[in-house]
Amino acid sequence: MRVAFYAPMKPPDHPVPSGDRRMARLLIAALTHAGHEVELACRMVSRDGAGDPARQARLAGLGAALSERIVRRYGNRPPDLRPQAWLTYHLYYKAPDWLGPKVSLALGLPYLVAEASVAPKRAGGPWDQGHQAVLQALDQAAAVITLNPADKECLPAGTPKHDLKPFLDPVPYQLASGQRAVHRGTLAQRLALDAEVPWIAVAAMMRPGDKLASYRLLARALAELSDRPWCLLVAGDGPARGEVSQALDSLGSDRVRLLGALDEGRLAALYGAADFMAWPAINEAYGMALLEAQAAGLPVIAGATGGVPGILRHEEGGLLVMPREASALAAAIDRLLGDSQLRGRLSRGARAAVEREHSLAGAAAELDRILRQAVGPS
């Protein structure tokens, strides 16, 4: 069937890399894998990061006007070329959906949401308009697909919830894992690295807030292990690159390599070449990079926060540590640095977990079931 897709926070074809955009594209890929035709309904960005009621009112007005235009556009098509369902990805008070509910209601389409969160404390505050819009959208939803288990806690009673674990296409990462010697040799030569020293990988945007806090905590943890051999390979870029670089400088230039933003192929090669990943994951929703690393057979050490425990099982694909505790993170890193057999066991467990529970094919089958249930018999 034909599905109208909308991501109010950031369109899936937005040029800036992010986990949010990545998951939007994966949802489209999974629906396509299941045989459905997905079209981007609109690129309107509804995000208000400042809590400006006037801006929210303007966005609501723009959404109403665009909704009418979309309804006319779809209504002018032959019936077999009109969408049979609307799917909005990532709904929350800072980026509500001003389009989908109106279009769905006007055209009689089932309205579905993937990844929605509700923040009751925003009621009556500067984001009240966005908060109320989220509640109204959820009230209309025929299905709400939760990717982060933590989001379910505040969803209104009676919300038609469906669990879907975060997922990816594991093939590029599996291929990289199978070429470990090649990728490790290439990186060792290009970056002047000692291939006999354990390599710790990181893949994360460099932006103020939780990401920068995670980088700083990682630096504090690694500073406790200055007497151990290791090298940190960092994939990522962004507006806080200067602050991240400053935080890592104290570890020594011979120990740290900043690789910048990498495309999927080079990122997979990094995962395939490294020995394990370490990331504090402060306030992380779940972390696509953590899933990518495991798909490549890379053991992961991460803070047990948000949805991270939903994609990383302690002692199976890696190690979970207490959030925001540098010493706990350092102890886990120290453990993997000194135990190659443990790294091997976790590597096998990581690959198996992704194949079993987080594959694109599995997500496609579940999304197909949810979609057909929402649409009903034709």
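Given the structure is predicted, the values throughout are model-derived calculations rather than measurements. Computation of the quantities below employed the complete heavy-atom set of this structure, encompassing side-chain atoms and omitting hydrogens, waters and symmetry-equivalent molecules.
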Do [X] and [Y] belong together in a cluster built from hydrophobic side chains that touch within less than 4.5 Å?
X    : Y    : answer
L259 : L222 : yes
I28  : L91  : no
Y271 : L191 : yes
M205 : L262 : no
V182 : L193 : no

For the residue pair [X] and [Y], establish whether any side-chain heavy-atom pair is separated by less than 4.5 Å.
X    : Y    : result
V354 : L291 : yes
W86  : V3   : no
L371 : M1   : yes
M288 : L168 : yes
P96  : P8   : no
L342 : R345 : yes
P299 : M277 : no
Y286 : K165 : no

Compute whether any side-chain donor of one residue and acceptor of the other, for [X] and [Y], lie under 3.5 angstrom apart.
X    : Y    : result
R351 : S347 : yes
T88  : D97  : yes
Y215 : Q246 : no
R82  : Y74  : no
Q373 : R369 : yes
Q294 : Y173 : no
Q56  : D52  : no
S327 : E224 : yes

Review point. Does the salt bridge (charged side-chain N to carboxylate O under 4.0 Å, His left out) test come out yes or no for R228 and D334, once each step is laid out?
Key: CA-CA 8 Å; R228 301 278 273 150; D334 188 46; 2.7 Å; yes

Strictly distance-based, threshold 3.5 Å: is any side-chain N or O of [X] a donor or acceptor partner for the main-chain N or O of [Y]?
X    : Y    : value
Q140 : P101 : yes
S214 : D210 : yes
R21  : K10  : no
H33  : A364 : no
S359 : G362 : yes
S245 : G242 : no
R220 : A326 : no
H36  : L31  : no
Q84  : R2   : yes

Got a second to check how far [X]'s [atom1] is from [Y]'s [atom2], nearest 0.5 Å?
X    : Y    : atom1 : atom2 : value
C42  : L66  : SG    : CG    : 5.0 Å
H90  : N148 : NE2   : CG    : 9.0 Å
L164 : I370 : CG    : CD1   : 6.0 Å

Minimum-distance pair of heavy atoms, taken over all atoms of [X] and [Y]:
X    : Y    : value
P53  : P126 : CG-O, 3.8 Å
L87  : A114 : CD1-N, 3.9 Å
D151 : S117 : OD1-CB, 3.6 Å
L232 : W230 : N-CE3, 3.9 Å
A221 : L329 : CB-CD2, 3.8 Å
L155 : A116 : CD2-O, 3.9 Å

- Could you go through the side chain to side chain contact (heavy atoms under 4.5 Å, CB included) check for W279 and V308 one step at a time? CA-CA 11 Å; W279 184 240; V308 172; over 6 Å; no

Any salt bridge between [X] and [Y], counting N to O under 4.0 Å?
X    : Y    : result
E68  : R73  : no
R43  : D13  : yes
E315 : R335 : yes
D163 : K152 : yes
R372 : D368 : yes
R348 : E316 : no
R313 : E357 : yes
R255 : D249 : no

Only residue of R122, Q129, H131 satisfying side chain to side chain donor-acceptor pair (under 3.5 Å) with Y93 is R122

* Asked: Using 30° and 60° as the class limits, which term best fits the ring planes of Y89 and F5: parallel, tilted or perpendicular?
  -> parallel

For C231 and L233: C-alpha separation, side-chain torsions, deciding distance, then whether side chain to side chain contact (heavy atoms under 4.5 Å, CB included) applies. CA-CA 7 Å; C231 184; L233 307 181; 3.9 Å; yes

_Please evaluate residues Q132 and L135 with respect to the criterion side chain to side chain contact (heavy atoms under 4.5 Å, CB included), reporting the C-alpha separation (whole Å), side-chain torsions for both, the decisive distance (0.1 Å), and the verdict._
CA-CA 5 Å; Q132 297 301 328; L135 294 178; 4.0 Å; yes

Inset, instruction - Take E284 and K211, measure what salt bridge (charged side-chain N to carboxylate O under 4.0 Å, His left out) needs, and give me the verdict at the end. - result: CA-CA 9 Å; E284 199 85 51; K211 296 295 187 186; 2.8 Å; yes

Exactly one of I333, L336, D275 clears side chain to side chain contact (heavy atoms under 4.5 Å, CB included) with P198, and that residue is D275

Working for side chain to side chain contact (heavy atoms under 4.5 Å, CB included), residues T305 and V321: CA-CA 9 Å; T305 184; V321 300; over 6 Å; no

- Task: Verify the neighbour count for atom CZ of R69: are there more than 12 heavy atoms of other residues, nucleotides or ligands below 6.0 Å?
- Result: no

